[in-house]
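Here the structure is laid out as structure tokens; the discussion comes afterwards.
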There are 2 protein chains.
Amino acid sequence: MNYTTEHIARTLRKAREAKGLSQRELGRKAGVPQGHISKIENGAVDLRLSSLIALARALDLELALVPRKSLPAVKSLVRGSLAEVIGDARLTPRPLYSLDEEGDD
Amino acid sequence: MNYTTEHIARTLRKAREAKGLSQRELGRKAGVPQGHISKIENGAVDLRLSSLIALARALDLELALVPRKSLPAVKSLVRGSLAEVIGDARLTPRPLYSLDEEGDD
DNA sequence: GTATATTATATAGATTAACATATTAAGTCT
DNA sequence: AGACTTAATATGTTAATCTATATAATATAC
């Protein structure tokens with residue numbers, strides 16, 4: 001639904017592919033069934049925080065709440081440190097996730 | 001349940017208080033009923049991503065998935081930029097959120 | 001002591017995530 | 001073609017969020 005949600009879904013998929021994991025393998029590590037991962041990556045569900053954390057953990061990612069005004073700094077920082085996990089910068093104009101003022105649907 | 005979830009809950013509460021908002025006011029801005037915010041801040045629910053995003057947005061926070069190894073850099077960065085929102089550094093040993101290997105009870 | 005404001009709890013109902021499992025589809029390889 | 005792997009979908013069931021509303025608890029005023 002949300003642009004945000006979709007972007008997180010894309011980030012998860014990119015991170016999984018970057019690590020060379022199949023949905024089933026990731027599912028085993030994270031304790032989430034493959035079918036559900038598919039739905040998550042396709043933005044078909046509004047997943048719960050515990051699921052997001054489990055997946056992030058299995059992908060060596062951390063969930064962070066950062067002040068919006070310091071987002072740019074975080075973005076450039078992350079982009080520099082490991083473009084592989086986040087994905088190619090050309091493909092992801094907004095590094096990990098960004099939240100527009102409004103008007104997404 | 002999770003240490004992680006609890007930490008995010010605490011972060012949300014701190015951010016709300018830092019902005020001088022009541023649960024009801026935040027609820028109006030985020031479209032989440034006050035009662036539910038209470039439960040979220042107390043870690044009584046495994047909230048959905050859409051709820052987390054709605055609250056973060058109303059608090060001028062952004063949700064980010066950062067590589068674990070670049071977390072320290074992000075932490076110090078955020079800590080420096082606005083200690084008010086995150087809270088007093090002395091009170092929050094781990095800036096915003098951190099995910100231990102395991103062993104949370 | 002009586003208002004007022006904020007937060008914590010409670011109940012009931014609607015929606016849906018999450019699970020297990022299976023199957024389909026699509027790609028790769030020998 | 002057949003065997004294999006991966007991903008997308010489907011069904012049915014369970015468990016939980018989420019909403020609305022109301023109330024209790026707690027503090028802070030007047």
Side-chain angles (χ1 to χ4, degrees), chain A residues 1-59 61 63 65 84-85 87 91 97 99 104-105, chain B residues 1-59 61 63 65 84-85 87 91 97 99 104-105:
Chain A
M1 325 228 134
N2 219 314
Y3 163 70
T4 290
T5 304
E6 284 184 20
H7 203 261
I8 285 185
R10 266 198 300 274
T11 301
L12 289 176
R13 166 166 284 170
K14 275 195 190 303
R16 176 179 62 81
E17 292 174 345
K19 290 189 93 66
L21 293 174
S22 68
Q23 291 182 342
R24 178 151 299 146
E25 288 171 319
L26 174 59
R28 275 199 310 99
K29 289 185 62 173
V32 177
Q34 177 270 327
H36 198 226
I37 292 182
S38 173
K39 280 189 267 185
I40 290 171
E41 290 187 349
N42 287 7
V45 292
D46 183 8
L47 78 165
R48 294 179 191 167
L49 184 56
S50 61
S51 298
L52 177 57
I53 288 171
L55 291 176
R57 165 194 225 148
L59 293 169
L61 293 174
L63 196 62
L65 282 170
E84 340 92 67
V85 168
L91 297 177
Y97 152 108
L99 193 139
D104 36 15
D105 74 304
Chain B
M1 312 210 149
N2 220 316
Y3 162 69
T4 290
T5 305
E6 284 183 20
H7 203 261
I8 284 184
R10 266 198 301 272
T11 301
L12 289 176
R13 166 166 287 169
K14 275 196 191 301
R16 177 180 61 81
E17 292 174 344
K19 291 189 94 66
L21 294 173
S22 67
Q23 291 182 344
R24 189 172 305 271
E25 288 170 319
L26 173 60
R28 275 200 309 100
K29 288 185 63 173
V32 176
Q34 176 269 326
H36 199 227
I37 293 183
S38 173
K39 280 189 264 182
I40 290 171
E41 289 187 350
N42 287 7
V45 291
D46 183 6
L47 79 166
R48 293 181 190 167
L49 184 54
S50 60
S51 299
L52 177 57
I53 288 170
L55 291 176
R57 164 195 226 147
L59 293 169
L61 293 174
L63 195 62
L65 283 170
E84 341 89 66
V85 168
L91 297 178
Y97 152 108
L99 194 139
D104 34 19
D105 69 304

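In what follows, every chain begins at residue 1, and chains take the letters A, B, ... in the order their sequences are listed.
Pairs of residues two or more places apart, or lying in two chains, that qualify as side chain to side chain donor-acceptor pair (under 3.5 Å) and include a residue from residues 30-40 of chain A are A:Q23-A:Q34. Among residue pairs with one or both ends in residues 45-55 of chain A, none qualify as salt bridge (Lys or Arg N to Asp or Glu O under 4.0 Å); sequence neighbours excluded. Screening residues 25-35 of chain A for salt bridge (Lys or Arg N to Asp or Glu O under 4.0 Å), with sequence neighbours left out, gives no hits.
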Which atoms of nucleotides 24-30 of chain D (N or O only) lie under 3.5 Å from a protein N or O atom, and what are those distances?
none

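Distance B:E41 CD to C:dA8 P: 7 Å, rounded to the nearest Å. Rounded to whole Å, the distance from CZ on A:R24 to P on C:dT21 is 12 Å. Per the geometry, CD1 belonging to B:I37 stands 12 Å off P belonging to D:dA20, to the nearest Å.
A:A30 and A:A58 get closest at one heavy-atom pair: CB-CB, 3.9 Å. Among all heavy-atom pairs drawn from A:T5 and A:V45, the shortest one is CG2-O, 4.4 Å.
The 12-atom threshold is not exceeded at CZ of B:R24, counting heavy atoms of other residues, nucleotides or ligands nearer than 6.0 Å.
In terms of phosphate contacts, B:R16 brings a side-chain nitrogen or oxygen within less than 4.0 Å of OP1 or OP2 of C:dT7. Distances shown here put a side-chain N or O of A:N42 below 4.0 Å from the OP1 or OP2 atom of D:dT9. Note on B:R13: a side-chain N or O is less than 4.0 Å away from OP1 or OP2 of C:dA8.
In the helix from C:dG1-D:dC30 to C:dT30-D:dA1, the terminal helix axes, each the rotation mapping four pairs' C1' atoms onto the next four within five end pairs, subtend 40°, rounded to 10°.
Contact check for A:L49 versus B:L49: no side-chain heavy atoms found under the 4.5 Å cut-off. Residues B:L12 and B:I37 have side chains not in contact (no heavy-atom distance under 4.5 Å, counting atoms from C-beta outward).
Contacts of A:S22 with the nucleic acid, taken as non-hydrogen atoms under 4.0 Å apart, involve only primed sugar atoms and P, OP1 or OP2.
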Taking protein heavy atoms under 4.0 Å as touching, what does nucleotides 13-19 of chain D look like 5' to 3' if B marks base contact, S marks sugar-phosphate-only contact and - marks none?
---SBSS
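Atom CZ of B:R10 is separated from atom CG of B:N42 by 11.5 Å, given to the nearest 0.5 angstrom. The distance from the CG atom of A:L52 to the CG atom of B:L63 is 6.5 Å, given to the nearest 0.5 Å.
A:Q34 contributes a side-chain N or O that forms a donor-acceptor pair with the base of D:dA8 under 3.5 Å.
Remark: A:R16 engages A:E41 in a salt bridge (charged side-chain N to carboxylate O under 4.0 Å, His left out) (not counting sequence neighbours).
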